[in-house]
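Below is one structure, written out as structure tokens, with a few remarks after it.
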Amino acid sequence: MSSERTFIALKPDAVQRGLIGPIITRFEQKGFKLVAMKLITPTAELASKHYAEHDGKPFFAGLVEFLTSGPVCAMVWEGQGVIAAARKLIGVTKPLESAPGTIRGDFAINVGRNIIHGSDSTTSAEAEIALWFKPEEISNWTPVANKWIYE
């Protein structure tokens, strides 16, 4: 399996609750590599583009309003199977249905405050990374621990 990248966003509720460190730790402990990160308060334009698939739905305006309500920790993570593994680490959309041990299962209660977004496919990962990061903002590096993580 080759290495891939995924987009992860810690939403304003995660940032406000001081959960950036604990969530990053979970990805690092799994063995994934952080290649880009920034703290940004999204504009309505950026939030609307990010949630474009929901445009026209009754909850779209609320999504945009919430994402623009404070800082978001936007990240790009890299590793073998990172997209599927990140989805498992995150848990399902509804936190009360997320298993204990998942990020949402451990840190969230309401779907409207589910603290994290992760790409759901290679296609969405590529689009979301391009939306949130310029190519020069992504670091290409090799952790010395790779030989202890990958065969």
Side-chain angles (χ1 to χ4, degrees), residues 2-141:
S2 63
S3 187
E4 62 187 13
R5 289 181 172 166
T6 193
F7 175 75
I8 300 292
L10 304 185
K11 299 176 186 179
D13 49 339
V15 175
Q16 291 287 346
R17 292 178 55 200
L19 297 174
I20 294 172
I23 294 171
I24 287 175
T25 297
R26 290 183 182 214
F27 284 88
E28 288 180 326
Q29 288 175 335
K30 182 73 175 172
F32 295 123
K33 174 175 65 169
L34 181 62
V35 296
M37 181 171 70
K38 61 182 166 184
L39 195 64
I40 178 175
T41 301
T43 62
E45 179 183 1
L46 175 58
S48 294
K49 287 179 182 176
H50 179 78
Y51 286 126
E53 68 186 83
H54 300 298
D55 195 2
K57 296 178 182 170
F59 55 87
F60 177 74
L63 287 174
V64 172
E65 182 180 352
F66 177 64
L67 200 64
T68 60
S69 69
V72 169
C73 182
M75 299 175 282
V76 179
W77 288 89
E78 184 177 291
Q80 290 181 8
V82 71
I83 296 170
R87 301 291 294 174
K88 288 179 183 175
L89 285 171
I90 290 169
V92 298
T93 303
K94 294 179 181 177
L96 291 178
E97 295 175 10
S98 289
T102 64
I103 292 166
R104 288 179 176 151
D106 290 350
F107 298 125
I109 296 171
N110 296 121
V111 69
R113 298 293 182 267
N114 66 9
I115 72 172
I116 188 169
H117 165 83
S119 302
D120 62 4
S121 67
T122 303
T123 302
S124 67
E126 290 171 357
E128 291 168 350
I129 290 167
L131 179 63
W132 289 80
F133 290 93
K134 298 174 188 169
E136 61 271 18
E137 294 178 310
I138 300 174
S139 298
N140 293 304
W141 63 288

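Just so you know, these numbers use all the heavy atoms, side chains as well, and skip hydrogens, waters and symmetry mates.
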Residues 83-99, side-chain donor-acceptor partners within the protein, below 3.5 Å, at least two apart:
unit_1, atom_1, unit_2, atom_2, d
R87, NH1, G118, O, 2.7
S98, OG, V92, N, 3.0
S98, OG, V92, O, 2.9

Can you name the salt bridge (charged side-chain N to carboxylate O under 4.0 Å, His left out) partners of [X], sequence neighbours left out?
X: K57; result: none
X: E136; result: none
X: D13; result: none

Would you name the heavy atoms of [X] and [Y] that are closest together and state the gap between them?
X: F133; Y: F7; result: CE1-CE1, 4.0 Å
X: F66; Y: P12; result: O-CG, 3.4 Å
X: P22; Y: G18; result: CD-O, 3.9 Å

Next on the checklist: Going by the rule ring-ring contact (aromatic ring centres under 6.0 Å, His included), which residues pair with F59 if we only count those two or more places apart in sequence or in a different chain?
Outcome noted: H54

Checklist entry - Are the side chains of I24 and M75 in touch, meaning some heavy atoms are under 4.5 Å apart? => result yes

Checklist entry - Is the closest side-chain heavy-atom distance between I23 and I8 below 4.5 Å? => result no

Could you give the side-chain donor-acceptor pairs of residues 30-41 under 3.5 Å, partners two or more places apart or in another chain?
unit_1, atom_1, unit_2, atom_2, d
K33, NZ, E78, OE2, 2.9
K33, NZ, W141, O, 2.3
K38, NZ, W132, O, 2.6
K38, NZ, E137, OE1, 3.2

Rounded at 0.5 Å granularity, tell me how far [atom1] in [X] sits from [atom2] in [Y].
X: L67; Y: S48; atom1: CG; atom2: OG; result: 9.5 Å
X: L19; Y: I116; atom1: CG; atom2: CD1; result: 10.0 Å
X: E4; Y: E126; atom1: CD; atom2: CD; result: 9.5 Å

Item to check | Pairs flagged by salt bridge (charged side-chain N to carboxylate O under 4.0 Å, His left out) wherever residues 39-56 is involved - sequence neighbours left out | outcome: E45-K49

Next on the checklist: Show every salt bridge (charged side-chain N to carboxylate O under 4.0 Å, His left out) that has at least one partner inside residues 102-114, sequence neighbours left out.
Outcome noted: R26-D106

Checklist entry - Got a sec, which residues hit side-chain hydrogen bond (donor to acceptor under 3.5 Å, both in side chains) with D120, two or more places apart in sequence or on another chain? => result S124

Item to check | Partner residues of S119 under the side-chain hydrogen bond (donor to acceptor under 3.5 Å, both in side chains) criterion, sequence neighbours left out | outcome: E128

Item to check | Pairs meeting criterion ring pair (Phe, Tyr, Trp, His ring centres under 6.0 Å) with involvement of residues 76-113, two or more places apart | outcome: F27-W77

Next on the checklist: My understanding is that only one of L63, L131, V64 makes a side-chain contact (heavy atoms from CB on, under 4.5 Å) with H50; could you say which?
Outcome noted: L131

Checklist outcome for this item: So the side chain to side chain donor-acceptor pair (under 3.5 Å) pairs with at least one residue in residues 59-76 (sequence neighbours excluded) are none

